[in-house]
Amino acid sequence: MTKAFSSSVLGPSARSSPNLEVETDTLATFGSLVQRLSGAMTRLEELTQPLKLPPLEGREWYDLLIRKLLPQLGDSTYLVVAVVGGTNIGKSVIFNHIAGFRASASSPLASGTKHPVCLIPDGFDSRHDLKALFPAFDLRRWGDSEEALTSHTEHCLFWRTSPDVPENLVILDTPDVDSDAPVNWQRADAVRQAADVLVAVLTQQKYNDAAVKQFFRKAADEDKAAIVVFNQVELPDDEPYWPLWLKTFCSETGLRPEYVYLAPNDRKSAEAIALNFAERTWPSATNPTDSTATSSAGPAGSSPPVRLNQVLSQLRFTEIKLRTLRGSLKRLVALDDGAPAYLQEIRQKSQQFREAATIFASRGLIRKTHWPAPPNSLLVDEMWRWWNSHREVWTSSVHGVYAHIGRWVNGGVRVVRDRIWGQSVPPLDEYRRAEWEAIVQVLEQVFNQLDLITTLGNELLTERLDRVLSGTSRETVLERLRKEHNEFDFEKLVQSLVETELSALRTDRAQLFNIIRNADRAAAIVRPVLTVLLAFGGVFGAEHILVNAASQSLTHVAVDATVAAGTTVAGNAAVDSATGVLSQVKAWLLQLHHKFKLRREEWLTNRLSEYLLGGLVDELHAGAIIPNSAAFQEAEELIRQFSAQQIRLLAGKPIDETTAM
């Protein structure tokens, strides 16, 4: 378990021993949460495409998550340390001391640094994306210590690797924050935003400078972690005064430094990278006006001197890193403009989709329409073809003879009928005509409903339907439907349905199938007698079943099941015994009719969605259910965990690893 850590990582309100140990498991806990949240947000953004929300990229909390928290809480945790301050106060000296060698030009005169310079450990650039770390800059290799003094119109950042740089530090030296050049302010602002911790270099002359205070006021507003280094201090003479200088600086900027160090005014040691920094406690007991002041440093000069790079990379690294999380977490979980606000944005937009979808459902876009039944002969003939292909050879031969006779009889009947009543319309042509009338009726209903829906005040629907209704005319949709309807292969649809349903009959209703098969065998023997009886008995009530090709149909064969049952009685007894099986076959045939109609209605629904609505109904449904999705709920839970961890940090309590599981 992670040990409890003191509020020293939280700010100056309570300090603990400089030797406080905080286990690195704490950072690993945050790292795990960050990686999971990043993945959840990626999935959620993809899921929310129908909502047409502004992209995550560009939102400050998300950029912070991806560009700062994700890379910096991975396998190799590091600190981005920026040395900042006014002109001619020795920033480069402090920068060199953190680096551990003379990396940046320093002079007793103002050096005029115009571009930030960056030192990184060996191999850092191969493991991390520097451009993502410093997105505001044009990154350039740093080959000469004087390059940062050269003017460029671009925002350049000069970088190089060094084996002397601690492996967990990225160190920046920045342009003067009190420069007269606005471009320097922009570059300093970009550095401040990229940094984990600011090393604020102050002097007796610069602590109260207006431009310097303005820069650090922004840092305080961002809750940026900061360490104050008073440079060029004359000790012990300045011991009573630095608390007064710092009190003024903090009261006018709002900055609350994590640690305070005094750097002696020793030019030779500065040039030799050998300054010893004296740590001081803030608020300090030497400030009599501060009633809350405490001191753990004791008398002036009693604290042992330290090396600043060791403070940042070793002694205080984990504490400072955790402190930097406070500002990042605060931004991440901010209710008004953080990740919770993004989730709320999704909820609100999704609610609009839900309301719109409800309107569609309640209005019933496609009202009940009289859809024509398919031609029975088309279904029965296809059933006969299927059944004949599954007969034994001898039954197929016998029934083939009767099929020929049936076609001959049917042809004669048709000739007589055509002479008396005129030539009949082929059943399939008649069906095409009736179905087209139903399609036209449905299309008219849909347009009427869409026109009505636009008057109901739902902004989401009105916006989308206005485009649909203004850009797609009835004639255009009607023409596309007519073309596809004319080209549709109904025989292929029937073939597919019959194949599927009869195969299912053989598998799922084996008893009925076997009765019909036995009847088919028996019918090959006694068929002439039963055919005559049924013809006189009028059992079927359907002319085509007796006299056309369907006289060889499954329905006819089903009647012959009386033979399979051992019935040898002719006349009414045989017919009555057959009706039970016949009823089952007729019920099955009705189901086939129903499924045919469903297929055609589904075709029309899909085409209207494609040609007219453009998938609007599916889009509304997809948008409406996003808050119930696993991706949304995962993101919500992770944000809750982040919020809980932030509260614990602010309260100075240990990180609760269980919330990150």
Side-chain angles (χ1 to χ4, degrees), residues 81-99 102-119 145-146 148-149 171-181 184-185 187-189 191-192 195 197-220 224 226-235 237-239 241-250 252-253 255 257-280 282 308-309 311-312:
V81 181
V83 181
V84 292
T87 306
N88 196 23
I89 59 172
K91 292 194 307 299
S92 295
V93 170
I94 305 303
F95 174 78
N96 291 339
H97 276 73
I98 297 174
R102 185 181 174 83
S104 186
S106 58
S107 166
L109 301 176
S111 60
T113 300
K114 295 180 174 59
H115 301 277
V117 294
C118 178
L119 286 175
S145 61
E146 301 295 328
L149 309 182
I171 313 168
L172 291 163
D173 190 9
T174 63
D176 303 326
V177 299
D178 60 346
S179 170
D180 292 335
N184 277 22
W185 305 339
R187 291 165 185 167
D189 284 343
V191 167
R192 184 188 68 247
V197 58
L198 304 176
V199 177
V201 183
L202 305 176
T203 64
Q204 178 183 358
Q205 293 76 26
K206 286 289 183 178
Y207 76 89
N208 205 24
D209 184 90
V212 172
K213 290 189 293 186
Q214 180 180 359
F215 174 88
F216 286 104
R217 194 173 294 117
K218 293 180 181 179
K224 186 70 68 174
I227 295 173
V228 167
V229 175
F230 265 105
N231 196 20
Q232 303 168 2
V233 176
E234 297 287 352
L235 294 176
D237 296 344
D238 287 339
E239 193 70 53
Y241 301 108
W242 71 262
L244 300 176
W245 304 335
L246 187 55
K247 182 177 184 298
T248 299
F249 175 79
C250 291
E252 296 191 14
T253 61
L255 196 72
E258 306 305 307
Y259 309 104
V260 177
Y261 296 92
L262 308 182
N265 187 15
D266 184 344
R267 184 178 301 175
K268 290 184 179 181
S269 296
E271 292 294 325
I273 319 298
L275 286 175
N276 287 321
F277 295 82
E279 183 174 358
R280 294 292 184 266
W282 177 259
L308 204 52
N309 61 350
V311 169
L312 292 167

| request: Measure the shortest side-chain to side-chain distance between Ile227 and Leu312 over non-hydrogen atoms and say whether it is less than 4.5 angstrom. | output: yes

| task | Quick one: pull up CD1 in Ile273 and CG in Leu308 and give me the separation to the nearest 0.5 Å. | result | 12.0 Å

| note | Residue set satisfying ring pair (Phe, Tyr, Trp, His ring centres under 6.0 Å) with Phe95, at least two apart, ordered chain then number -> none

| Stepwise side-chain contact (heavy atoms from CB on, under 4.5 Å) test for Val311 and Tyr259 | CA-CA 10 Å; Val311 169; Tyr259 309 104; 5.6 Å; no

| message | My understanding is that only residues two or more places apart in sequence, or in another chain, count here; which of them pass salt bridge (charged side-chain N to carboxylate O under 4.0 Å, His left out) with Asp266? | response | none

| To the nearest 0.5 Å, how far apart are CG in Leu262 and CG in Asp238? | 9.0 Å

| query | So which heavy atom on Gly86 is nearest to which on Asp176, and how close? | reply | O-OD1, 3.6 Å

| message | Taking salt bridge (charged side-chain N to carboxylate O under 4.0 Å, His left out) as the definition, give me every residue that meets it alongside Glu234, ordered by chain and number, with sequence neighbours left out. | response | none

| Can you name the nearest heavy-atom pair linking Ala82 to Ala195, along with the distance? | CB-CB, 3.8 Å

| query | Considering residues at least two apart in sequence or located in another chain, which fulfil the ring pair (Phe, Tyr, Trp, His ring centres under 6.0 Å) criterion with Phe216? | reply | Phe249

| note | The reported gap from CG in Asp209 to CZ in Phe215 (rounded to nearest 0.5 angstrom) is 13.0 Å

| Does the side chain of Val199 reach to within under 4.5 Å of the side chain of Tyr261, using non-hydrogen atoms? | no

| Stepwise, does the side-chain contact (heavy atoms from CB on, under 4.5 Å) test hold for Val84 with Arg192? | CA-CA 9 Å; Val84 292; Arg192 184 188 68 247; over 6 Å; no

| field | Backbone N/O of Ile89 and side chain of Asn231: donor-acceptor pair under 3.5 Å | value | yes

| message | Can you list everything that forms a side chain to side chain donor-acceptor pair (under 3.5 Å) with Lys213? Sequence neighbours excluded, please. | response | Asn208, Glu252

| request: Please name all residues satisfying ring pair (Phe, Tyr, Trp, His ring centres under 6.0 Å) with Phe230, sequence neighbours left out, ordered by chain then number. | output: Trp245

| task | Test side-chain contact (heavy atoms from CB on, under 4.5 Å) on Gln204 and Tyr241 and set out the steps. | result | CA-CA 9 Å; Gln204 178 183 358; Tyr241 301 108; over 6 Å; no

| field | Heavy-atom closest pair, residues Pro257 and Trp282 | value | CG-CD1, 4.0 Å

| field | Any donor-acceptor N/O pair, His97 side chain to Leu275 backbone, under 3.5 Å | value | yes

| query | In Å, rounded to the nearest 0.5 Å, how long is the span from CG of Asn96 to CG of Asp173? | reply | 7.5 Å

| In chain order, what residues pass the side-chain contact (heavy atoms from CB on, under 4.5 Å) check against Gln205, with sequence neighbours excluded? | Thr203

| request: Take Arg187 and Thr174, measure what side-chain contact (heavy atoms from CB on, under 4.5 Å) needs, and give me the verdict at the end. | output: CA-CA 8 Å; Arg187 291 165 185 167; Thr174 63; over 6 Å; no

